[in-house]
Amino acid sequence: MDAHLRFSPEIIRRLGEELNPTLSKGILELAKNSYDADATKCRIELQDVNQPGGTVVVEDNGDGMTLDQIADGWLVLGRSAKKPSCKTRLGRAPAGSKGLGRLAALRMGQSTSLYTVSRQVPDARRELIIDWNRFNEASSVEDVPLTIGASAGDPLSTCGTRIEIWNLREAYGRNEVKRLARELLLLADPFGDDLKGFQPELIAPEFEDLQRLIKDRYFRDAEFHLSATVNEDGRAAASLKDFNGGLLCGAEHEQLVSDERGHYGCPAASLDLWVFILNKDTFALRSTTLGEVKAWLREFGGVHIYCNGLRISPYGGPGDDWLGMNLRRVRSPEERPGTNTSIGRVLIKDEGSRLVEKTDRSGFIENSAFLDLRSFAQDCMDWMARFRLKEAEKRRRRKRTVTPQMAGEAQQGLIRLIEEVPEDQKHEFSAALSRYDSARERQVKALEKEVQLYRTLSTAGITAATFAHESSASPIKIIGQCLNAIRHRSSHQLGRKYETLLKGPVDGIERAVKSLAVLGHVTLSMLEHEKRRKSRLEPDKELESIVTAYAPFFDARDVSVITDFALGLSYLHGSRAALESIVTNLLNNCVAAFEDAGTAGRVIEITTEMSDGEWHLSVSDSGPGIVGIQIEDIWLPGHTTRRHGTGLGLTIVRDNVHDFGGTVEAIAHGPRGGAVIVVELPIIES
């Protein structure tokens, strides 16, 4: 008998949900279909989506579809007549090419209705209703007939398409709706005036705040504007302007390239980056507030990619730093922008399809063209950073030149005044001036040593942050995956022998990896800008969070932590960074003491209590205690008995405690044998 290939209805679910599993991705694909249909308006309405059973409506004023286009195009999954090289009626390069994107959105509900009026046949209104439950009951996709008929309700008065998705299978909360709103707002390049005539609109209660953010557009508050282009021949040029639009400098191709390459092998593209200086002095005389711009950058900051008129996700999205801006800023923090201090776009004209989108629409395949595009953008940012750094160095050199000159002039003026005093008082004044000069010179030398110490510490911190950033992503993840593979395969092949031969070493590696992950996470979290803002803090809650985060680190070093936190609420006024710095430095000192002394029974005890309007924190350990150094000297910067220590940990503790308005004292040997540090901070309310 003759037979032919058939498809189970299960394939519809797999192609739909697995390619575009979220509300934002699915609806975005329908919006791109409207773009490809030359729509100037695309209206997305969400009705009761915060609970199962809601409705999504997507309506546009595009070219619509004929009967044949529905039957031979829209309903044929995996085949598309749209090619990037074939322009639409309005000259757009089609955003879709695989014929799969719409399926995920259509499958979000129990049923889907399609109404369309074709520009070619404006008098024919077509209707198609798909009941997805019928596919679930069928043995193959081909067994479910679909009927394309005339629209009885006449839902469209002009050409275009209306899709209604009924009885949503899931509920979608504010975060998902917010994500959809953000993606739609960024879909057609909101940075410039030319939106190519495409205006997506979202109707949902959760949309108003994001609509205001994107509508306000704070580009005028940027301190710098970097503009760069790379042409079809792969040659680049760039310029940097100030906030008034004045040209600061320009660069030709040879000044931008980071190596000896002759050209960039990417499609023609342009880069625009707006860089903000986010401090109170910069915004003191502006109509907008620092908080407004920060909130705007939190939503839309980063560099977004637009290819042939539409945004390509996920570049520039939350957590996607495809240009490594934040890592480069960690390595060299001065004069470099990050994703939370800048917003930008890369506009690409790729008629030759040199950039290839991944099947799951999660960005481009990283071929040589994409890598060169990234190099172009990074090289331009490096050039801007070099210029700004040179300007900063010029300012510092001027200050270093002017300051001694001003000090010398002041000193000469003082000497002239001394010459005018009576003879019997000149010696006394001169001696006082000499003593002042000697004391000032000692102070300068002490400050120079302290500055050098902090420079060394900053270098170590930058190195640690770089290591944390790089290791917390791929290396630690790969080690964990390999470890799981070793555990699974070994236990399967060796059976009971695995317990005696490999379980111990494998578990040890796992503990070490978790410890590294903790250090990486803690290091990077210390750099968070929001932690440096003063606010009302709940100290016991913060303390518990820090101890929990450090748990794998303690486990890897056989350290037992005993906690006894105060009952009831108490609040401090200060920054999370300061409190975190106090606690982490004390905990690190305990672990370091264990390691240096080879302590066997390693115990750290942390207790808190409230009394007399103060929050008391006590950290004690079972280490050797404070030995080899006077107890009053442990607070001095650079004083330490550890071979590789900086001598800054307790100095930082002391300074942060004083900033809180509190006190700190040390006991050389406590009840557990090791040191005890007692911190007392004033409570603002309880």
Side-chain angles (χ1 to χ4, degrees), residues 522 525-526 530-551 553-554 559-594 599 601-627 629-637 639 648-686:
V522 170
S525 69
M526 287 180 177
E530 291 299 318
K531 286 189 174 182
R532 299 193 292 273
R533 178 182 297 176
K534 289 186 176 181
S535 61
R536 191 179 73 163
L537 301 175
E538 190 177 336
D540 287 308
K541 184 177 179 180
E542 297 291 338
L543 182 59
E544 185 177 18
S545 176
I546 295 169
V547 173
T548 301
Y550 263 81
F553 177 75
F554 293 137
V559 176
S560 298
V561 180
I562 300 173
T563 60
D564 183 12
F565 297 153
L567 298 177
L569 293 177
S570 58
Y571 296 100
L572 308 175
H573 179 71
S575 69
R576 289 177 58 200
L579 183 60
E580 188 177 79
S581 182
I582 292 170
V583 177
T584 55
N585 273 297
L586 294 180
L587 295 178
N588 285 335
N589 275 0
C590 294
V591 175
F594 295 151
T599 304
R602 303 178 176 187
V603 178
I604 298 176
E605 185 174 358
I606 308 171
T607 61
T608 66
E609 62 178 16
M610 292 180 293
S611 64
D612 300 327
E614 290 185 324
W615 180 71
H616 298 259
L617 166 67
S618 175
V619 179
S620 59
D621 62 58
S622 59
I626 300 174
V627 294
I629 186 173
Q630 295 295 319
I631 198 164
E632 62 269 18
D633 292 339
I634 65 174
W635 312 106
L636 298 177
H639 288 252
L648 287 174
L650 289 177
T651 304
I652 293 171
V653 169
R654 179 202 62 191
D655 292 345
N656 279 323
V657 168
H658 287 175
D659 287 345
F660 273 102
T663 60
V664 59
E665 65 172 331
I667 302 171
H669 300 281
R672 293 189 174 275
V676 181
I677 305 295
V678 179
V679 175
E680 297 179 350
L681 304 179
I683 298 171
I684 58 173
E685 59 180 288
S686 59

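Distance CG/Asn589 to CG/Leu650: 4.5 Å, rounded to 0.5 Å. The NE2 atom of His616 sits 8.0 Å away from the OG1 atom of Thr663 when rounded to the nearest 0.5 Å. Interatomic distance, NE2 of His573 versus CD1 of Ile683, reported as 15.0 Å (0.5 Å rounding). Note: Arg654 CZ to Ile677 CD1 = 13.0 Å, rounded to the nearest 0.5 Å.
Judged as a salt bridge (charged side-chain N to carboxylate O under 4.0 Å, His left out), and not counting sequence neighbours, Glu544 has no contacts. Every residue meeting the side chain to side chain contact (heavy atoms under 4.5 Å, CB included) condition with Asp540, not counting sequence neighbours, appears here in chain and number order: Phe565, Ala566, Ser570, Thr608, Trp615. With sequence neighbours left out, the side-chain hydrogen bond (donor to acceptor under 3.5 Å, both in side chains) criterion links Thr548 to no other residue. In terms of the side chain to side chain contact (heavy atoms under 4.5 Å, CB included) criterion, residue partners of His669 (sequence neighbours excluded) are, by chain and number, Val627.
Residues Pro682 and Gly661 share a closest heavy-atom pair of CD-O, 3.6 Å. The two residues Ile604 and Cys590 come nearest to each other via the heavy atoms CD1-CB, 3.6 Å. The two residues Phe594 and Gly623 come nearest to each other via the heavy atoms CE2-N, 3.4 Å. The minimum heavy-atom distance between Pro539 and Leu572, with the atom names listed, is CB-CD1, 3.7 Å. Ala578 and Ser575 make their closest contact through N-OG, 3.1 Å (heavy atoms, listed as atom of the first residue, atom of the second, distance). In terms of heavy atoms, Ala593 sits closest to Pro624 at O-CD, 3.8 Å.
Each of Ile606, Val676, Ile667 was compared with Ser618 under the side chain to side chain contact (heavy atoms under 4.5 Å, CB included) criterion, and only Val676 meets it.
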Practice task
Would you check, one step at a time, whether the test side-chain contact (heavy atoms from CB on, under 4.5 Å) holds for Val559 with Tyr550?
Solution key: CA-CA 11 Å; Val559 176; Tyr550 263 81; over 6 Å; no

Practice task
Please assess Asp659 against Asn656 for the test side-chain contact (heavy atoms from CB on, under 4.5 Å), listing each intermediate value before the final yes or no.
Solution key: CA-CA 5 Å; Asp659 287 345; Asn656 279 323; 4.1 Å; yes

Practice task
Start with the C-alpha distance between Phe660 and Ile582, add both sets of side-chain angles, then the distance that settles side-chain contact (heavy atoms from CB on, under 4.5 Å), and finish with yes or no.
Solution key: CA-CA 11 Å; Phe660 273 102; Ile582 292 170; 4.1 Å; yes

Exercise for the section: With side-chain contact (heavy atoms from CB on, under 4.5 Å) as the test, would you mind laying out the steps for Val583 and Leu543 before giving the verdict? Expected result: CA-CA 7 Å; Val583 177; Leu543 182 59; 3.5 Å; yes

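For the salt bridge (charged side-chain N to carboxylate O under 4.0 Å, His left out) condition, no pair includes a residue of residues 611-625, sequence neighbours left out. Residue pairs that meet the salt bridge (charged side-chain N to carboxylate O under 4.0 Å, His left out) test with at least one member in residues 672-684, sequence neighbours left out, are Glu605-Arg672.
In this structure the side chain of Ile546 reaches within 4.5 angstrom of the side chain of Thr584, judged on heavy atoms.
Remark: side-chain polar atoms of Thr651 are paired, donor with acceptor, to backbone N or O of Trp635 under 3.5 angstrom. Using modelled atom types, no side-chain atom of Thr599 and backbone atom of Arg602 make a donor-acceptor pair closer than 3.5 Å.
Around the CD atom of Gln630, the shell of radius 6.0 Å holds no more than 12 heavy atoms that belong to other residues, nucleotides or ligands.
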